[in-house]
There are 2 protein chains.
Amino acid sequence: MGASKTHIFSATHNELAHVAKVLAHPARVAILEYISKQDACICNDLVDVIGLAQPTISQHLNEIKKIGLLKGTFEGKNLCYCINQERWEELQHSFHLFFSNINRNCC
Amino acid sequence: MGASKTHIFSATHNELAHVAKVLAHPARVAILEYISKQDACICNDLVDVIGLAQPTISQHLNEIKKIGLLKGTFEGKNLCYCINQERWEELQHSFHLFFSNINRNCC
DNA sequence: AATTAATATTGCAATATTACGATAAAGATA
DNA sequence: TATCTTTATCGTAATATTGCAATATTAATT
């Protein structure tokens, strides 16, 4: 087999897993941290900052974009993007919720 | 190629990615949520609760165990385990830190 | 010691991810 | 229009993950 059986899990569980998957690569963690700490939009220094080839960075950025964490313009040469703060806080909340639900009386 | 270039990233980034990878599968999210909400230790109902074959559950549990999220006894028939609360809070803090660092003045 | 009931490991097939060279596409500038 | 600069896509090889059947292991019970 090899494909995850997503249909047997709840939407909430699938969504958290889907987002976690994007954070499950150090390059994407590094990219997100770098962008989120910038004062202005990002243009083209990620390849130098991260240290992976340009196509690889482009693919990682696309994964991040797919879960809605980036906003800005993505057309042609003058692209300019940054963190989508609303989505960021949404995901922050999802992880907070997940980690909040723990029972204290156990072994 | 195909292998992540972990050596070019910081320990912090690698660690967060490593933990996120464990959360990057709905079965493991479901398992963690189920265990964390139990009043007592877990014995053997996970296969029924989750709906995957016993070897698959065992493998997922092992992934969770590897990042230190489970504590208890894991020997033979009478195994009995639950969430390692200290580690849980440690990871909670890591994700909180990651999501806290965002700059507000952007596009 | 044999049986039973539970989890762990092995082996394998299917699928997904990672990375990058080559190339394409888009837009600014000469 | 030709050129330059930058990002996106394609193609491909290497590696990792997912899932389960078969089997092994473990320890309690008979």
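Throughout, a chain's letter reflects where its sequence line sits, starting with A, and its residues are numbered from 1.
The stretch residues 14-26 of chain B does not touch DNA chain C, since none of its heavy atoms comes less than 4.0 Å from the strand.
If you measure from atom CD of A:Glu63 to atom C1' of C:dA16, you get 11 Å, rounded to the nearest angstrom. For the pair B:Phe9 CZ and C:dA19 P, the computed distance is 6 Å after rounding to whole Å. Distance B:Ile64 CD1 to D:dT18 P: 11 Å, rounded to the nearest Å. We find that CD1 of B:Ile57 is positioned 13 Å from P of D:dT18, with the value rounded to whole Å. If you take CG of A:Asp48 and P of D:dT6, they are 10 Å apart, rounded to a whole angstrom. Between the CG atom of A:Leu46 and the P atom of C:dA19 there is a distance of 15 Å, rounded to whole Å. Atom CD1 of B:Ile31 is separated from atom P of C:dT7 by 12 Å (rounded to the nearest Å). Between the C1' atom of C:dT18 and the CD1 atom of A:Ile50 lies a distance of 15 Å, rounded to the nearest Å.
Comparing A:Leu52 and A:Ser4, the nucleotide of DNA chain C nearest to each residue sits closer to the 5' end for A:Ser4. Two residues, B:Gln59 and A:Leu61, neighbour DNA chain D, and the one matched to the more 5' nucleotide by heavy-atom proximity is A:Leu61.
In this structure a side-chain-to-backbone donor-acceptor pair under 3.5 Å is present from B:Ser100 to B:His96.
The phosphate of D:dT7 (OP1 or OP2) has no side-chain N or O of A:Ser58 nearer than 4.0 angstrom. Between B:His60 and D:dT17, a side-chain N or O to OP1/OP2 separation shorter than 4.0 Å is absent. Residue A:Thr56 places no side-chain N or O under 4.0 Å from the OP1 or OP2 atom of C:dT18.
Rounding to the nearest 0.5 angstrom, the gap separating the CD1 atom in B:Ile35 from the CG atom in B:Asn84 is 12.0 Å. Distance check, rounded to the nearest 0.5 Å: CG of A:Leu46 to OG of A:Ser58 gives 10.5 Å. Note that the CD1 atom of A:Ile50 and the CG atom of A:Leu61 stand 9.0 Å from one another [nearest 0.5 Å].
Residues A:His25 and A:His60 bring their aromatic ring centres within 6.0 Å.
With hydrogens and angles left out, the side chain of A:Gln54 and the base of D:dA8 share a donor-acceptor pair within 3.5 Å.
Closest contact between the side chain of B:Pro55 and the listed nucleotides D:dT15, D:dA8, D:dC20 involves D:dC20.
Between A:Phe98 and A:Thr12, every side-chain heavy-atom pair lies at or beyond the 4.5 Å cut-off.
B:Leu97 and A:Leu23 fall into different hydrophobic clusters, where Ile, Leu, Val, Met, Phe, Trp and Tyr side chains are chained together by heavy-atom contacts under 4.5 Å.
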